[in-house]
Enquirer: 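Input: one structure, supplied below.
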Amino acid sequence: MTLALTLAAIIAAGTVFFRLVEGWSWLDSYFFSVVTLSTVGYGELVPQTPAGKIGTTVYILLGLGVFAVAIQQFGVFAMRKREEHTEWLIARLGDDAEPANRDDSPDSDDEVSRNP
């Protein structure tokens, strides 16, 4: 939760900064903030003022780390949910369930092993 709030605060700060310094609309400022942090960089908007260019570099250096950690934490969350679901399935099936793909032993004397 803290990470999500931090990310939202960085995007909001970037939006306000670009609105005030570059004079872009709120939507354009927000769009530029998100596109810059996500490293997509469409190139539609480019800071023109020296303050905007310096501010963008600082914004990238500060915000990119937070954005990367947020993406990484989302991945960890998804993996945990997958593990929990797998454990639930195993517990539900129980230990006495037959495997779905039981293989014959290599030394079995069946028709397939004699006639490849």
Side-chain angles (χ1 to χ4, degrees):
M1 187 65 153
T2 302
L3 188 60
L5 291 174
T6 303
L7 184 60
I10 287 175
I11 292 172
T15 302
V16 171
F17 174 80
F18 294 116
R19 168 77 173 147
L20 297 176
V21 173
E22 293 296 324
W24 296 335
S25 70
W26 287 107
L27 182 59
D28 285 344
S29 298
Y30 168 76
F31 178 76
F32 183 79
S33 298
V34 172
V35 166
T36 300
L37 283 186
S38 65
T39 69
V40 171
Y42 287 122
E44 293 177 2
L45 298 168
V46 178
Q48 300 298 315
T49 64
K53 292 175 183 179
I54 292 169
T56 300
T57 58
V58 171
Y59 182 70
I60 290 169
L61 293 174
L62 293 176
L64 188 57
V66 173
F67 187 80
V69 170
I71 297 299
Q72 183 263 345
Q73 287 298 312
F74 178 76
V76 167
F77 174 78
M79 285 179 25
R80 277 193 201 132
K81 285 298 188 187
R82 176 75 179 225
E83 288 172 359
E84 289 174 7
H85 182 70
T86 302
E87 289 172 2
W88 176 82
L89 283 174
I90 290 170
R92 178 132 188 211
L93 290 173
D95 293 334
D96 57 341
E98 286 191 35
N101 61 346
R102 184 181 60 207
D103 293 332
D104 293 327
S105 65
D107 60 346
S108 69
D109 193 18
D110 61 359
E111 185 71 27
V112 175
S113 63
R114 281 182 275 154
N115 297 323

Enquirer: Carefully, step by step, assess Thr6 and Ile10 under the rule side chain to side chain contact (heavy atoms under 4.5 Å, CB included).
Expert: CA-CA 6 Å; Thr6 303; Ile10 287 175; 4.2 Å; yes
Enquirer: Going through the checks in order, is the side chain to side chain contact (heavy atoms under 4.5 Å, CB included) test met by Trp88 and Arg92?
Expert: CA-CA 6 Å; Trp88 176 82; Arg92 178 132 188 211; 3.4 Å; yes
Enquirer: Please say yes or no: joined through hydrophobic side-chain contacts below 4.5 Å, possibly via intermediate residues, are Val16 and Val58 part of one cluster?
Expert: no
Enquirer: How far apart are the C-alpha atoms of Trp24 and Phe32, what are their side-chain angles, what is the distance that settles it, and do they pass the side chain to side chain contact (heavy atoms under 4.5 Å, CB included) test?
Expert: CA-CA 10 Å; Trp24 296 335; Phe32 183 79; 3.6 Å; yes
Enquirer: If hydrophobic clusters are built by linking Ile, Leu, Val, Met, Phe, Trp and Tyr wherever their side-chain heavy atoms come under 4.5 Å apart, do Phe18 and Val46 end up in the same one?
Expert: no
Enquirer: Rounded to the nearest 0.5 Å, what separation is found between the OG1 atom of Thr2 and the CG atom of Leu7?
Expert: 12.5 Å
Enquirer: For the backbone of Gln48 and the side chain of Glu22, can you confirm whether one donor and one acceptor N or O come within less than 3.5 Å of each other?
Expert: yes
Enquirer: Do Leu64 and Val66 sit in one hydrophobic cluster, given that two such residues count as connected whenever their side-chain heavy atoms are within less than 4.5 Å of each other, even indirectly?
Expert: no
Enquirer: Would you call Glu83 and Arg80 a salt bridge, taking side-chain N to carboxylate O under 4.0 Å as the test?
Expert: no
Enquirer: Considering non-hydrogen atoms only, spot the tightest contact between Phe17 and Thr56 and give its length.
Expert: CE2-N, 4.5 Å
Enquirer: Can you tell me if Phe31 has over 12 outside heavy atoms packed within less than 6.0 Å of its CZ?
Expert: yes
Enquirer: For Leu3 and Ala70, which heavy atoms make the closest approach, and how far apart are they?
Expert: CD2-CA, 3.4 Å
Enquirer: Should Val34 and Leu5 be regarded as members of a common hydrophobic cluster, given that ILVMFWY residues are connected when their side-chain heavy atoms come within less than 4.5 Å of each other, either directly or indirectly?
Expert: no
Enquirer: May I ask whether Tyr59 and Ile71 are part of the same hydrophobic cluster, defined by side-chain heavy atoms of I, L, V, M, F, W, Y residues being less than 4.5 angstrom apart, directly or through others?
Expert: yes
Enquirer: In the structure I gave you, are the side-chain heavy atoms of Leu37 and Ile11 within less than 4.5 Å of one another anywhere?
Expert: yes
Enquirer: Between NZ of Lys81 and OG1 of Thr86, what distance do you get to the nearest 0.5 Å?
Expert: 12.5 Å
Enquirer: What heavy-atom pair brings Gly52 and Thr49 nearest, and what distance separates the two atoms?
Expert: N-OG1, 2.9 Å
Enquirer: Given 3.5 Å as the limit, does a donor-acceptor pair link the side chain of Thr36 with the main chain of Ser33, or not?
Expert: no
Enquirer: Is there a side chain to side chain contact (heavy atoms under 4.5 Å, CB included) between Lys53 and Thr57 once you walk through the steps?
Expert: CA-CA 6 Å; Lys53 292 175 183 179; Thr57 58; over 6 Å; no
